[in-house]
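First the structure, in the form of structure tokens, and then the observations on it.
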4 protein chains.
Amino acid sequence: MIIRIDDYSDVPIYQQIRNEIINGISSGKLKPGEQLPTVRALALEIGINSMTVSKAYQLLKQEGYILTDRKKGAVIREMIKQDGKINSANKNELKRIISESKLAGVSEKDFIEEVKLLYKEG
Amino acid sequence: MIIRIDDYSDVPIYQQIRNEIINGISSGKLKPGEQLPTVRALALEIGINSMTVSKAYQLLKQEGYILTDRKKGAVIREMIKQDGKINSANKNELKRIISESKLAGVSEKDFIEEVKLLYKEG
Amino acid sequence: MIIRIDDYSDVPIYQQIRNEIINGISSGKLKPGEQLPTVRALALEIGINSMTVSKAYQLLKQEGYILTDRKKGAVIREMIKQDGKINSANKNELKRIISESKLAGVSEKDFIEEVKLLYKEG
Amino acid sequence: MIIRIDDYSDVPIYQQIRNEIINGISSGKLKPGEQLPTVRALALEIGINSMTVSKAYQLLKQEGYILTDRKKGAVIREMIKQDGKINSANKNELKRIISESKLAGVSEKDFIEEVKLLYKEG
DNA sequence: GTGGTCTAGACCACG
DNA sequence: GTGGTCTAGACCACA
């Protein structure tokens, strides 16, 4: 699993790491129980400060995606909390994206096509 | 058209204003040719500095959603540029939202229902 | 000679009027000695304040393009001052335009083609 | 790379900064990947408020000329978007400049010479 | 009246 | 250290 960081993105690096890992889990590239690289290893690999990786892991832990085990380090959680709902922050974002897309002339049909594609991919 | 600001959001105020206005246009609450409140009036109404409103208007202008007229102030553009595509930043966001939603146990069907709802609403 | 005004342009209206008239002279649509509409008539035609038209005429007079005659009103000057040089403000602008065009990948050849075209047109 | 500001110009300071930097890139004085001075440093150097420099940098960023890196500050973009066309605002300006130059007695040949010179210089 | 620009100073998140 | 955001108040050109 390779994590790609865009130094020039407006999204903070620790969030980018978080997003990539969530995407990895969602797409099946990272499996429940699987170990994540250590903070230090990942920091070295990406070439960033380990504080930043640590921040990403803490966020993922707090959100319930991973567990930190004294022996194994960080591992993907077996049972991720599922309530079957789109969380409210994401719903707001989705609303914004749809508003903008509508104004850009994207049809509902095309938008749904894109959603289906992304659901398959990851 | 009421613009609501969340003081505790980490989204900058000028972005929130921008988003609300885009949402208003998309949902039909703001019609092409319609006048927006003046910079000063809106600033007073929301209780923020007028520079912040001005920043929002300039962003909207630059993005092609509104025009500024020396007499009438800011007005919604009649023809908003449409390329029929979801812009790439939004596509990335959508990808992230779908990954997170999948992990939260949201089915593709439910997600699409939500999209359809938002497409109708706004 | 029709003068078109863009209410939404960043260029002040009085400047737009000035530019249109200069363009008219340059392209031959307005001939030396020809009378311009009165301030009031033009203001009415365009649908703007006559102060604005007056400002445009004053500018044109000051720049040596027109003369104001008590009887005939404003007329295009027979002999417009010619020093055969690009004035320094325009040279600066041209420099900026060329810098931007170069970065946009416009070849020198294409740029010169455009110049030739504009020289023919107006 | 020295940035010169004309306090008496009617061109806003942030635009002057933008223009100087674009000119620097176009002429090769600023190379892709090169770091720009920090917002604060440049503000201090020119003797203006840092908000003004920030505004210039944000404009350049939005126009695709630079990127901002959290560590390195602002850097010149490696790949600047090229569509090979003179943008329409610049085309209008060019038209105006040519009209005025024609009336000032500048021959097409001389104008093109100037263009060639500017193309070489910067 | 309008928007646009600028200042001086503050606070913040990020890394 | 960096850029990003925001404020309170000022001045300006335009119409």
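Here is how names work: the chains are called A, B, and so on, in the same order as the sequence lines, proteins then strands, and each is numbered from 1.
How far CD of A:Gln62 is from OH of A:Tyr65: 11.5 Å, rounded to the nearest 0.5 Å. A distance of 9.0 Å separates NZ in B:Lys29 from CD1 in B:Ile2, rounded to the nearest 0.5 Å. Note: C:Asn49 CG to C:Lys55 NZ = 10.5 Å, rounded to the nearest 0.5 Å. In this structure, OG1 on A:Thr68 lies 11.0 Å from CG on A:Leu60, to the nearest 0.5 angstrom. How far CD of B:Gln15 is from CD1 of B:Ile22: 8.5 Å, rounded to the nearest 0.5 Å. Taking CD1 from D:Ile21 and CG from D:Leu36, the interatomic distance works out to 5.0 Å, rounded to the nearest 0.5 Å.
Residues from residues 39-46 of chain B that place a heavy atom under 4.0 Å from any atom of DNA chain F: there are none.
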Determine which bases of DNA chain E form Watson-Crick or G-U wobble pairs with both distances under 3.5 Å, and write the result as a 5' to 3' dot-bracket string with | for other-strand partners.
-> ||||||||||||||.

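For residues 3-14 of chain D, the set of pairs meeting the salt bridge (Lys or Arg N to Asp or Glu O under 4.0 Å) definition, not counting sequence neighbours, is empty.
On the nucleic acid side, DNA chain F contacts chain C at distances under 4.0 Å to non-hydrogen atoms, with the end points of that region at F:dC14 to F:dA15.
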Give me the distances for all protein-to-nucleotides 13-15 of chain E N/O pairs that come in under 3.5 Å?
| from | atom 1 | to | atom 2 | distance (Å) |
| --- | --- | --- | --- | --- |
| E:dC14 | OP1 | A:Tyr14 | OH | 3.1 |
| E:dC14 | O3' | D:Arg70 | NE | 3.4 |
| E:dG15 | OP1 | A:Ile13 | N | 2.6 |
| E:dG15 | OP1 | D:Arg70 | NE | 3.2 |

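Under the side-chain hydrogen bond (donor to acceptor under 3.5 Å, both in side chains) criterion, D:Arg96 pairs with C:Asn90, D:Glu93, D:Glu100, sequence neighbours left out.
Here the side chains of D:Glu63 and D:Lys81 are not in contact, with every heavy-atom distance at 4.5 Å or above. In this structure, C:Val53 and C:Ile13 have side chains that are not in contact, with every pair of non-hydrogen atoms separated by 4.5 Å or more. A 4.5 Å side-chain heavy-atom check between B:Arg77 and B:Pro32 finds every atom pair outside the cut-off. Taking the side chain as every heavy atom from C-beta outward, A:Ile17 and A:Ile48 approach each other to under 4.5 Å.
Closest-nucleotide positions on DNA chain E for B:Gly73 and B:Gln58 were compared, and the one nearer the 5' end corresponds to B:Gly73.
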